[in-house]
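For reference, the structure discussed in these notes is given below.
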There are 2 protein chains.
Amino acid sequence: MRSQPASMRDVAHRAGVSLSTVSRVLRGAPGVAPEVRRRVQHAADELSYVVSRNASGLVTGRTGRVAVIVPFLQPWFFGVALSGISDALREADLDMLVYQVGETRAREGWTRALPLRRNTDAVITVSMDLSEEECQRLDDVGVPMVLVGQCAPGRASVYIDDRAGTAGATQHLLNLGHTRIAYIGSRREEWSSGSSRHRLEGYEAGMAAAGLTPWSVSKATGRTGGELAMGELLSDRDPPTAVLAEFDGLAMGAHRILRRSGVRVPESISLMGFDNHDAAAVLDLTTVDQAPYDIGLTAGRLTVGVLDGTARSDSHVEMPTQIILRQSTASPRGSRGLSS
Amino acid sequence: MRSQPASMRDVAHRAGVSLSTVSRVLRGAPGVAPEVRRRVQHAADELSYVVSRNASGLVTGRTGRVAVIVPFLQPWFFGVALSGISDALREADLDMLVYQVGETRAREGWTRALPLRRNTDAVITVSMDLSEEECQRLDDVGVPMVLVGQCAPGRASVYIDDRAGTAGATQHLLNLGHTRIAYIGSRREEWSSGSSRHRLEGYEAGMAAAGLTPWSVSKATGRTGGELAMGELLSDRDPPTAVLAEFDGLAMGAHRILRRSGVRVPESISLMGFDNHDAAAVLDLTTVDQAPYDIGLTAGRLTVGVLDGTARSDSHVEMPTQIILRQSTASPRGSRGLSS
DNA sequence: CTGTTAGCGCATTCAC
DNA sequence: GTGAATGCGCTAACAG
């Protein structure tokens with residue numbers, strides 16, 4: 001309650017020892033008599049004393065903080081990923097600084113607008129789709145960097161195998177007996193990352209392996225895009241019996257159109273998403289899970305490892321995806337699929 | 001790219017001035033010749049120099065950082081609220097430190113496990129439902145505190161008027177012509193905050209004002225709870241024509257049961273949620289929006305105000321809620337409601 | 001308007 | 001095993 005929070009000197013005084021002893025104890029450094037150690041601990045507790053990372057960092061050069069940079073904080077994915085990162089950093093007693101870059105990213109200097117230099121031990125970027133130039137600018141701040149959701153050669157990265165994800169999803173639909181499988185994706189102009197490209201490629205590869213011709217449509221991004229795309233598919237002379245969407249948002253838009261049109265899922269059309277969005281469970285949507293929490297946890301631990309020196313700063317970790325089977329996919333009517 | 005990041009001395013040297021002049025310029029302090037100011041800026045830019053908040057904080061006593069404490073990071077609400085807080089703090093050039101307390105909260109000492117003292121200028125708690133004792137322990141760290149989603153007398157708080165929210169929702173259903181309106185809530189034993197209580201009270205008040213008897217059921221929390229509760233309601237001799245849920249998660253569970261049972265929404269039963277969860281739009285669920293982004297923004301700005309001294313540290317801000325009309329509510333069949 | 005001086009709270013040499 | 005000096009990078013009083 002005192003307005004002047006206790007300092008190390010206060011603790012030293014109270015414990016009847018010197019500053020350095022307190023420092024040693026509180027850092028867990030060796031070479032202190034057990035009895036003295038206990039006394040110091042006790043004094044610190046009584047004063048609710050906590051070491052100022054500010055001051056200790058000044059001398060050690062380590063801040064005890066890791067900056068996490070995200071484009072947005074609102075989309076479901078980021079909260080979950082941050083949760084994993086947070087848990088991993090907490091294990092190593094590191095604090096998490098979160099920067100939402102958002103639209104300001106357009107303003108060229110965002111990498112320097114952030115007080116990173118000297119204020120952070122490492123930087124984790126999440127789904128930032130950094131250009132090589134931006135990467136270099138971040139290199140410039142002189143701290144280790146870990147990229148999440150992006151695979152950059154020579155830099156620590158954690159990402160999922162998007163290609164395998166959609167390939168597996170396509171296989172799932174093929175196994176059910178579908179052959180007219182359409183793909184709804186985002187428009188090429190809006191691709192910020194390799195992710196969109198990889199997902200499309202996975203689908204195409206899956207189709208090709210089965211000797212089928214890929215059939216993909218791209219409208220806008222987001223739910224509306226899904227609505228538009230599904231509208232187009234439903235207007236086709238011979239509509240697909242199964243639809244795979246690049247991400248759940250698109251699938252949800254598609255689902256809405258299907259509901260409104262009275263087309264039954266999965267009886268008439270099977271629908272499959274990607275991401276395992278929160279709302280996918282609500283819609284009983286079969287989807288591909290990318291375990292964002294695990295991604296975050298892995299990225300966080302990798303960061304700790306790089307700081308420790310126990311992990312290389314160019315390690316790449318590819319996380320597996322997993323199909324979550326729900327009610328929105330089934331064999332087409334009259335098919336010879338697995339389930340018939 | 002140099003391994004030893006530039007310090008203020010380097011800038012001073014490069015600009016041919018003294019340390020204090022550089023400090024003044026970089027802080028935007030008055031009393032520097034425009035020409036000199038430019039020169040210093042230039043030198044700093046060239047060296048990609050950024051002031052170490054660590055070092056400056058050591059002498060000013062301000063860290064330039066605000067800690068945000070959340071129980072969890074995964075639920076949709078927190079990402080959105082954090083986004084608002086982040087934007088508000090960024091306006092004031094404050095960094096955001098995020099602590100996910102989670103289950104560790106059970107371990108008594110969480111308020112002290114966090115390195116808050118001396119490491120943060122203010123603390124924002126989001127939906128933490130702090131006990132008076134926990135509040136006091138946080139007071140102890142000696143920095144201003146702002147509570148979000150909780151109304152604590154004497155402490156800066158930002159929260160929504162839950163009572164008015166459910167009262168308004170109930171009125172909406174009444175206006176449509178419903179009289180058999182049931183309420184699905186969480187179990188009293190699981191109420192952590194006043195929020196659950198207030199929402200129930202708002203419903204009860206709305207019903208009472210219309211001369212109707214409240215009818216509420218509580219099963220588990222979460223989607224499952226909604227399923228169970230709706231199951232019970234559907235098994236009633238005379239089922240309700242409208243159902244209001246304490247939050248969208250419950251409504252989603254209820255919606256699922258209705259779909260599975262072939263009960264049409266809104267034709268047979270109107271369903272209404274609370275929170276405007278992401279997935280509510282997908283289900284076309286009428287709900288009550290509590291604008292979490294605005295809550296975060298407001299809380300962030302209030303925090304800045306308290307730090308500035310322009311806001312009182314016991315200000316209370318009550319945020320309005322708003323009904324989001326979608327397809328899940330309509331007049332009961334054969335009613336004389338507004339829409340008939 | 002500018003430079004000099006003295007710490008902020010702590011970790012880290014070194015002596016003892 | 002412990003204590004006394006030194007300086008991390010910076011701001012805030014001062015002096016010029």
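In the text below, chain A, chain B and the rest are named by the order of the sequence lines, each starting its count at 1. Computed from a prediction, not measured in an experiment: that's the story for all the values here.
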Task: B:Arg27 side chain near D:dA12 phosphate (N/O to OP1/OP2, under 4.0 Å) - done: yes

Task: Span of DNA chain C, from the first to the last nucleotide whose atoms fall under 4.0 Å of chain B heavy atoms - done: C:dC1 to C:dG9

- [ ] Determine yes or no for a side-chain-to-main-chain donor-acceptor pair under 3.5 angstrom, with A:Arg118 supplying the side chain and B:Ser52 the backbone.
- [x] no

Open item on the list: With a 3.5 Å distance limit and no angle check, can you tell me whether A:Asp314 reaches the backbone of A:Ala156 through a side-chain donor-acceptor pair?
Closed with: no

Task: Euclidean distance, A:Leu116 CG relative to A:Leu138 CG, rounded to 0.5 Å - done: 7.0 Å

TODO: Classify the nucleic acid contact of A:Ser20 as base, sugar-phosphate or nothing, counting any heavy atom under 4.0 Å across all strands shown.
DONE: base

Task: A:Asn119 CG to D:dC8 P, straight-line distance once rounded to whole Å - done: 18 Å

Open item on the list: Any base atoms under 4.0 Å from B:Val36, or only sugar-phosphate, or nothing? Heavy atoms, all strands.
Closed with: sugar-phosphate

TODO: Please state how far atom CZ in A:Arg53 lies from atom P in D:dG9, giving the value in whole angstrom units.
DONE: 20 Å

TODO: Just call it for B:Thr60: base, sugar-phosphate, or nothing, with non-hydrogen atoms closer than 4.0 Å on any strand.
DONE: sugar-phosphate

Open item on the list: With a cut-off of less than 4.0 Å, is there a side-chain N or O of B:Ser23 near OP1 or OP2 of D:dT11?
Closed with: yes

Open item on the list: For B:Pro34 and A:Val51, find the nucleotide of DNA chain C closest to each by heavy atoms; which residue's nucleotide sits nearer the 5' end?
Closed with: B:Pro34

Task: B:Arg155 backbone acceptor or donor facing B:His316 side chain under 3.5 Å - done: yes

TODO: Give A:Arg24 one of three labels, base, sugar-phosphate or nothing, depending on what nucleic acid heavy atoms sit under 4.0 Å from its own.
DONE: base

Open item on the list: Looking only at the side chain of A:Val59 (C-beta and beyond, no hydrogens), which of the listed nucleotides D:dC10, D:dC8, D:dG9 gets closest?
Closed with: D:dC8

TODO: May I ask you to decide if B:Met8's main-chain N or O and B:Asp10's side chain share a donor-acceptor pair within less than 3.5 Å?
DONE: no

Task: Nucleotide D:dG9, atom C1' - distance to CG of B:Leu19 in whole Å - done: 9 Å

